[in-house]
Amino acid sequence: IVRVHGGLHGQAQLRQQDYFVDNGYVVLDVEYRGSEGHGKDYRNKLAMADKELDDVIAGAKFLQTLPNIHKDKLAIMGDDRGAYITYSVIARPNPFKAAVAISGYTDLSKQYEYEAEIAPNFMGIEKLMKGSPYTMEERFKDLSPVSFANKINVPVLILHGNNDRLVLPDHAWKMSEALFLHQKESDIVVLYSPEEDTGHNLKGKALEQAHEQSLKWINKYLFPDKKK
């Protein structure tokens, strides 16, 4: 499994991989360009739908060189910005058989407007896009997953907490609708309880449910003929 962390810059978190390792998977958490913890120059390589996608695919290709890896049985999963990167990767040539997108934004203009309302001093989408939809309308539209759902070529599970106040669940529903419209293999699970666990960063019982749903989805496509 190739895991893609979230955050404007963000960093891999070891605890996120344990569940899948315990269930027999090798997990590579990619510190794509722009991530924290590798110096200022690396952190400043922040991009949107560009070199960070190359880094994730390069990570998958690295896994395929390892002797204990099923080269044709790779999955990708990401949360927050990592979910956005996941959508973007599976809309181009890639080696993945299954994908999971958690708490991801899918309409960049909507997310920009929402951040301007709730967190005008942060404006993560503005930093990533290096502009606004008012001056870059077509670019915001073209880079939104709801706009390129027709290009997605990997079965994708969408997971979202109903109490997410940083990226509203509407992003998940709209992406699910776009995938359905284009007859893409997908499913959506919105987690409703416990309410305190279903925010942007899933925790507790909600995180357990997300892990279980993700594993079930990945197993379905990587090992369709048997239980892993």
Side-chain angles (χ1 to χ4, degrees), residues 1-8 10 13 15-17 19-20 29 48-49 56 75-91 96 98-119 122 124-125 128 140 143-150 152 154-182 184-221:
I1 298 173
V2 174
R3 187 180 175 278
V4 193
H5 67 74
L8 176 60
Q13 300 292 329
R15 63 183 176 82
Q16 297 287 354
Q17 302 132 348
Y19 178 83
F20 300 95
D29 204 324
M48 192 68 162
V56 171
I76 180 172
M77 63 185 303
D79 59 283
D80 184 59
R81 185 184 171 209
Y84 174 82
I85 292 173
T86 296
Y87 287 129
S88 299
V89 165
I90 63 174
F96 300 109
V100 180
I102 306 170
S103 306
Y105 41 80
T106 62
D107 185 323
L108 299 181
S109 293
K110 293 292 185 185
Q111 185 64 16
Y112 178 96
E113 292 167 2
Y114 184 63
E115 289 180 2
E117 178 184 335
I118 67 163
F122 173 64
I125 293 297
L128 287 166
F140 269 72
L143 294 186
S144 293
V146 289
S147 296
F148 59 72
N150 62 310
I152 284 178
V154 176
V156 56
L157 172 65
I158 303 169
L159 289 166
H160 215 106
N162 191 58
N163 200 38
D164 190 341
R165 294 296 175 264
L166 294 180
V167 178
L168 296 177
D170 191 52
H171 284 270
W173 290 115
K174 290 294 176 63
M175 188 63 187
S176 179
E177 292 171 7
L179 291 166
F180 179 79
L181 178 65
H182 293 289
K184 300 296 182 177
E185 197 160 358
S186 64
D187 201 357
I188 181 171
V189 175
V190 175
L191 302 164
Y192 288 88
S193 64
E195 185 175 348
E196 64 273 14
D197 292 349
T198 59
H200 186 62
N201 295 308
L202 299 174
K203 60 183 181 178
K205 292 292 185 182
L207 182 59
E208 290 178 15
Q209 293 176 54
H211 282 160
E212 291 167 2
Q213 293 286 346
S214 298
L215 182 66
K216 183 179 178 182
W217 183 261
I218 291 169
N219 283 346
K220 176 182 177 181
Y221 292 98

Check your understanding: Should we count CZ of Phe180 as having more than 12 external heavy atoms under 6.0 Å?
Key ->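 At most 12 heavy atoms, drawn from other residues, nucleotides or ligands, come within 6.0 Å of this atom.
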What is the distance from atom [atom1] of [X] to atom [atom2] of [Y], rounded to the nearest 0.5 Å?
{"X": "Leu157", "Y": "Tyr221", "atom1": "CG", "atom2": "OH", "result": "9.0 Å"}
{"X": "Leu166", "Y": "Phe122", "atom1": "CG", "atom2": "CZ", "result": "8.5 Å"}
{"X": "Glu113", "Y": "Ile125", "atom1": "CD", "atom2": "CD1", "result": "11.5 Å"}
{"X": "Glu115", "Y": "Leu108", "atom1": "CD", "atom2": "CG", "result": "10.0 Å"}
{"X": "Ile90", "Y": "Phe148", "atom1": "CD1", "atom2": "CZ", "result": "8.5 Å"}

Exercise for review: Report the relative orientation of the aromatic rings in His211 and Phe20; use parallel for angles under 30°, tilted for 30 to 60°, perpendicular for over 60°.
Suggested key: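 Aromatic pair His211/Phe20 classed perpendicular.
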Exercise for review: Sequence neighbours left out, what passes salt bridge (Lys or Arg N to Asp or Glu O under 4.0 Å) with Asp187? Give chain and number order.
Suggested key: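 Salt bridge (Lys or Arg N to Asp or Glu O under 4.0 Å) check on Asp187 returns nothing, list empty.
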Point to revise | Lys184: partners by salt bridge (Lys or Arg N to Asp or Glu O under 4.0 Å), with sequence neighbours left out | key: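 Not a single residue meets the salt bridge (Lys or Arg N to Asp or Glu O under 4.0 Å) criterion with Lys184.
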Review point. Is there any salt bridge (Lys or Arg N to Asp or Glu O under 4.0 Å) pair reaching into residues 189-203, and which pairs are they, with sequence neighbours excluded?
Key: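 Qualifying pairs, neighbours excluded: none.
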Check your understanding: Looking only at heavy atoms, what is the nearest atom pair of Asp164 and His160, with distance?
Key ->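 Where Asp164 meets His160 most closely, the heavy atoms are OD2-NE2, 3.0 Å.
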**Study point:** Minimum heavy-atom distance Ala206-Pro194, with the two atoms named
**Key:**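 In terms of heavy atoms, the two residues are closest at N-CD, 4.3 Å.
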Exercise for review: Check whether the side chains of Asp29 and His5 place a donor and an acceptor atom closer than 3.5 Å, and report yes or no.
Suggested key: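 Side chains of Asp29 and His5: no pair found under 3.5 Å.
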